[in-house]
Visitor: 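Right, I'll just put the structure down here and ask away after.
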Amino acid sequence: MARREVNPRECSLASALNVVGEKWSLLALREVFYGVHRFDGIVRNTGAPRDVLATRLRTLVDGGVLRRVPYSERPPRDEYHLTRAGRELAPAMLGLMRWGMRWVPGAPAGPTVFTHGCGGQLDAGIVCTSCGERAGAGDAVLPETGESEPANRTGEQDR
């Protein structure tokens, strides 16, 4: 049997997923976005095993997404706060939350933490950097082929 050469496509998405692309990491980020900064609160609200969560938080800190802020000297305790890089994940987090509410059967329609200064809800969307026009799912052009991505690749019925 001939060996197949594995040559994965390198891209920034793969690099980003190395930092934030694990369930407990994303749920920990959700909690920090909601204003929960202490380890015990993050554990309680995510259900993550303590050792796993500690590892994920360390990865997020090392990746520059979160920073540790001391709040107690005895015993030594830190809170977790978003860095600029972490705050810039807001559209991705909102997009995943909205996608889950729309496409995952039985997913709770939880509150959003992303509000504008006027009090209105923010929406994640794709906008053309040249003209500023909002793009729909069928507007994306694949870089290598120049073809539009079909709105429904699997042939399944839209919900």
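The first residue in the sequence is number 1, and the count goes up from there.
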Visitor: Who pairs with N18 by side-chain hydrogen bond (donor to acceptor under 3.5 Å, both in side chains), at least two apart in sequence or on another chain?
Guide: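 None.
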Visitor: Of the non-hydrogen atoms in A85 and G64, which two are nearest, and what is the gap between them?
Guide: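 So the two residues come closest at CB-O, 3.5 Å.
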Visitor: L82 and R67: which non-hydrogen atoms are nearest, and at how many Å?
Guide: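 Distance-wise, the nearest heavy atoms are O-NE, 4.1 Å.
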Visitor: I want to check something: taking the side chain as every heavy atom from C-beta on, are V104 and W99 in contact at a cut-off of under 4.5 Å?
Guide: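 In contact.
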Visitor: First locate atom CE of M93, then atom CZ of R30, and finally report the distance between them rounded to the nearest 0.5 Å.
Guide: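 Interatomic distance, M93 CE to R30 CZ, rounded to 0.5 Å: 8.0 Å.
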Visitor: Can you list the other members of the hydrophobic cluster that holds V69, where links are side-chain heavy atoms under 4.5 angstrom apart?
Guide: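 Taking Ile, Leu, Val, Met, Phe, Trp and Tyr as members, V69 stands alone, with no cluster partners.
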Visitor: Can you confirm whether I126 is buried at CD1, in the sense that more than 12 heavy atoms of other residues, nucleotides or ligands lie under 6.0 Å from that atom?
Guide: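 Incorrect, the count does not exceed 12.
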Visitor: Testing the basics here: between V36 and G41, what is the closest heavy-atom pair and its distance to 0.1 Å?
Guide: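 V36 and G41 have their closest heavy atoms at CG1-C, 3.6 Å.
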Visitor: Atom CZ in R68, atom NE2 in H81: separation rounded to 0.5 Å?
Guide: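 Rounded to the nearest 0.5 Å, the CZ-NE2 separation comes out at 11.5 Å.
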Visitor: Going by the rule side-chain hydrogen bond (donor to acceptor under 3.5 Å, both in side chains), which residues pair with R87 if we only count those two or more places apart in sequence or in a different chain?
Guide: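 Partners of R87 by the side-chain hydrogen bond (donor to acceptor under 3.5 Å, both in side chains) criterion come out as none, since no residue qualifies.
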Visitor: If I take atom OG from residue S72 and atom CG from residue D78, how far apart are they, to the nearest 0.5 angstrom?
Guide: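 The CG atom of D78 is 9.5 Å from OG of S72, to the nearest 0.5 Å.
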Visitor: Determine the minimum heavy-atom distance between C131 and C128, stating which atoms define it.
Guide: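 Here C131 and C128 meet closest at N-SG, 3.5 Å.
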Visitor: I'd like to check the salt bridge (charged side-chain N to carboxylate O under 4.0 Å, His left out) partners of R4; sequence neighbours left out, ordered by chain and number.
Guide: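 With sequence neighbours excluded, R4 shows a salt bridge (charged side-chain N to carboxylate O under 4.0 Å, His left out) to no residue whatsoever.
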Visitor: Applying a strict under-4.5 Å side-chain criterion to I, L, V, M, F, W and Y, I'd like to know whether L53 and Y34 cluster together.
Guide: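 Same hydrophobic cluster.
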Visitor: Hey, are the side chains of Y71 and R38 touching, using non-hydrogen atoms and a 4.5 Å cut-off?
Guide: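 Of all side-chain heavy-atom pairs linking R38 with Y71, at least one is under 4.5 Å.
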Visitor: Closest heavy-atom contact between T59 and V19?
Guide: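 Minimum heavy-atom contact is CG2-O, 3.8 Å.
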Visitor: Are W24 and M97 co-members of a hydrophobic cluster defined by side-chain heavy atoms under 4.5 Å apart?
Guide: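 Different clusters: M97 never reaches W24 through Ile, Leu, Val, Met, Phe, Trp or Tyr contacts under 4.5 Å.
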Visitor: Testing L29, L26, T83, V32 one by one against L60 for a side chain to side chain contact (heavy atoms under 4.5 Å, CB included), which residue passes?
Guide: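 Of the listed options, the one satisfying the test is L29.
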Visitor: For residues L96 and F33: do they belong to one hydrophobic cluster (side chain heavy atoms under 4.5 Å, members Ile, Leu, Val, Met, Phe, Trp, Tyr)?
Guide: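 Yes.
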Visitor: Report the distance from atom CD1 of I42 to atom OH of Y80, rounding to the nearest 0.5 Å.
Guide: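 Spacing of CD1 (I42) from OH (Y80) equals 7.0 Å.
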Visitor: Under the salt bridge (charged side-chain N to carboxylate O under 4.0 Å, His left out) rule, what pairs show up with a residue in residues 42-60, not counting sequence neighbours?
Guide: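 Residue pairs passing salt bridge (charged side-chain N to carboxylate O under 4.0 Å, His left out), neighbours aside: E22-R56, D40-R50.
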Visitor: Quick check: is L57 connected to L17 through a chain of hydrophobic side chains (ILVMFWY, heavy atoms under 4.5 Å apart)?
Guide: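 In one cluster: no.
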Visitor: Please name all residues satisfying side-chain hydrogen bond (donor to acceptor under 3.5 Å, both in side chains) with R77, sequence neighbours left out, ordered by chain then number.
Guide: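 For R77 there are no side-chain hydrogen bond (donor to acceptor under 3.5 Å, both in side chains) partners, ignoring immediate neighbours.
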Visitor: At their closest point, which heavy atom of T46 faces which heavy atom of A28, and how far apart are they?
Guide: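 It is CG2-N, 4.1 Å.
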Visitor: Determine, using the 4.5 Å side-chain heavy-atom cutoff (strictly less than), whether L89 and V61 are members of one ILVMFWY cluster.
Guide: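 Both belong to a single hydrophobic cluster.
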